[in-house]
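These notes are about the structure you will find just below.
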Amino acid sequence: MTSVALAFSGGLDTTVCVPLLKEEYGYDEVIGVNVDVGQPTEEFDEAEETAEALGLDIHVVDAKDEFADLCFDAVKSNASYQGYPLGTALARPVIAEAILGVAEEQGCDAIAHGCTGKGNDQLRFEAVWRGSDLEVIAPVRELGLTREWEIDYAAEKDLPVEAGDGGVWSIDENIWSRAVEGGKLENPDYEPPEDIYEWTAEPEGETTIEVTFEEGIPVAVDGEAMDPVPLIQHLNEYAGGYGIGRTDVMEDRMLGLKVRENYEHPAATVLLTAHQALEDLVLTKNERSFKKGIEQEWSEKAYQGLVFAPVVDALNAFIDETQDVVTGTATVKVSGGNCRVVARDSEYAVYSEEMASFNTEDVAGIAQSDATGVAKYHGLQERLANDVKANVSKPELATDGSGATDETDHS
């Protein structure tokens, strides 16, 4: 008896995959796996109802803690992709690992997903799964299915599905972000209606939020210690109430397609803003400058679903070394949909108020006049180079279009 583990959400794509895996691929048993990374409770209820109607054995894995840990790695890395905090991309490897674990525990022969051949998620799932000995199956991609075909097939088979949110939007939600796409949003010139947003209110009012970090990890909000998952959930609700964390972006996918995405990420916005501010206080200029390149590479690999890659381990080693001193607080003001830093404090600050003050004559025994020699040398090479360039004579080009100079023999 052959069996396949299916990433099962209860939506249209994964529901039609259940009979297809039996009819088209010949598997005797399909085992559904649903991984909790912070989706709404009703999604799990609907998935269980759908699974029961299909006669599908479903396993639910709680991976919120593992996902929150990865989100905080993203905070330490100041991670973003094309201007927005990574969310779905971070969740997929966590989900993939959990599904693979169930597949191996249940002795499955194969593992499957309902992703299309146009998106990123197929790559993120399979980057994890193809490291196993299990066959990887992607019915929607391999059979070239369209949403219209799936709807007709579901009706023909009397499958218990709906096209998701009335068929208007495609929504992916976890504790770190909420992504909305599809429908009229596919037109870049279409202004999104207010009802696509659930986490963020219309921007109004203002408040301040103090975030406490220990070695780069957020540990408290406004002086109240919290574990990672509750901390994220609290900031999503609190900062979202002030309209914080909306992004409307034209995103370049891994396969070259450009798509319009709308995101909500209140907690991510606050934590990334606060963390960056604290780093600016405690890291040296060289550390800050070099870390920018590290952060860019980390973000790219995370977007690709490759957070388990050896290069990411190496990147994390550098990042973790810098985070030893990222302990302290940063206060942000949220107002009008904007989040900006208004204060930061750390015992590890690479800063001296006395040295920086305009009312202090000397700096650590260095007189202001000592800077004169530095000022004389500063820009010297550039001034020399400009003098040299000013004395370089350039041959005049001929006006007959030949490209020859006056010194060229035209005969």
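The structure displayed is predicted, hence computed values, not measured ones.
What you find for P19 and T15 is that their closest heavy atoms are CD-O, 3.2 Å. Contact between D252 and Y81 at its shortest, heavy atoms only, is O-OH, 2.6 Å. For V35 against A63, the heavy-atom pair with the smallest separation is CG1-CB, 3.7 Å. Scanning both residues, Q276 and N78, for their nearest heavy atoms gives OE1-ND2, 3.3 Å. Of all the heavy atoms in H275 and V75, the pair that sits closest is ND1-O, 3.1 Å. Among all heavy-atom pairs drawn from L271 and F213, the shortest one is O-CZ, 3.9 Å.
Relative ring orientation between W129 and F125 is described as parallel, the plane-to-plane angle staying below 30° on a 0-90° scale split at 30° and 60°. A perpendicular orientation is assigned to the rings of F318 and F290, their planes being inclined by more than 60° (bins at 30° and 60°). Relative orientation of the Y153 and W149 rings is parallel, given thresholds of 30° and 60° on the angle between their planes. The aromatic rings of F72 and W176 lie perpendicular to each other, with more than 60° between the two planes, well past the 30° mark.
When the shell of 6.0 Å around CD of E142 is examined, it contains more than 12 heavy atoms from other residues, nucleotides or ligands. For D133, the CG atom is loosely surrounded, since the number of other residues' heavy atoms within 6.0 Å does not exceed 12. Other residues, nucleotides and ligands place no more than 12 heavy atoms under 6.0 Å from the CD atom of E191. For E224, the CD atom sits in a loose shell: 12 or fewer heavy atoms of surrounding residues, nucleotides or ligands are nearer than 6.0 Å.
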Inset, instruction - Test V60 against E48 for side-chain contact (heavy atoms from CB on, under 4.5 Å), laying out the working first. - result: CA-CA 9 Å; V60 179; E48 289 183 5; 4.2 Å; yes
Inset, instruction - Given side-chain contact (heavy atoms from CB on, under 4.5 Å), test R340 with T273 step by step and report yes or no. - result: CA-CA 7 Å; R340 63 185 179 88; T273 302; 5.9 Å; no
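Taking CG of D313 as the start and CG of L315 as the end, the distance is 9.0 Å to the nearest 0.5 Å. Rounding to the nearest 0.5 angstrom, the gap separating the OG1 atom in T14 from the CG atom in L20 is 11.5 Å.
Taking 4.0 Å as the cut-off between side-chain N and carboxylate O, R130 and E126 count as a salt-bridged pair. Between R92 and D172, at least one side-chain nitrogen of the basic residue sits less than 4.0 Å from a carboxylate oxygen of the acidic one, meeting the salt-bridge criterion. We find that R246 and E194 are joined by a salt bridge, their nearest charged nitrogen and carboxylate oxygen being less than 4.0 Å apart. Comment: R253 engages E181 in a salt bridge, judged by a side-chain N to carboxylate O separation of less than 4.0 angstrom.
Looking only at atom types and distance, the side chain of D109 has no donor-acceptor partner in the side chain of Y27 under 3.5 Å away. Using a 3.5 Å distance cut-off with no hydrogens or angles, the side chains of T207 and Y238 do pair a donor with an acceptor. Between the side chains of Q296 and E300, at least one donor N or O sits under 3.5 Å from an acceptor N or O. When only modelled atom types and interatomic distance are considered, W298 and N316 share a side-chain donor-acceptor pair under 3.5 Å.
Side-chain atoms of D370 come within 3.5 Å of backbone N or O of A367 as a donor-acceptor pair.
Inter-residue side-chain proximity for E251 and N120 is flagged as met; some heavy-atom pair is nearer than 4.5 Å.
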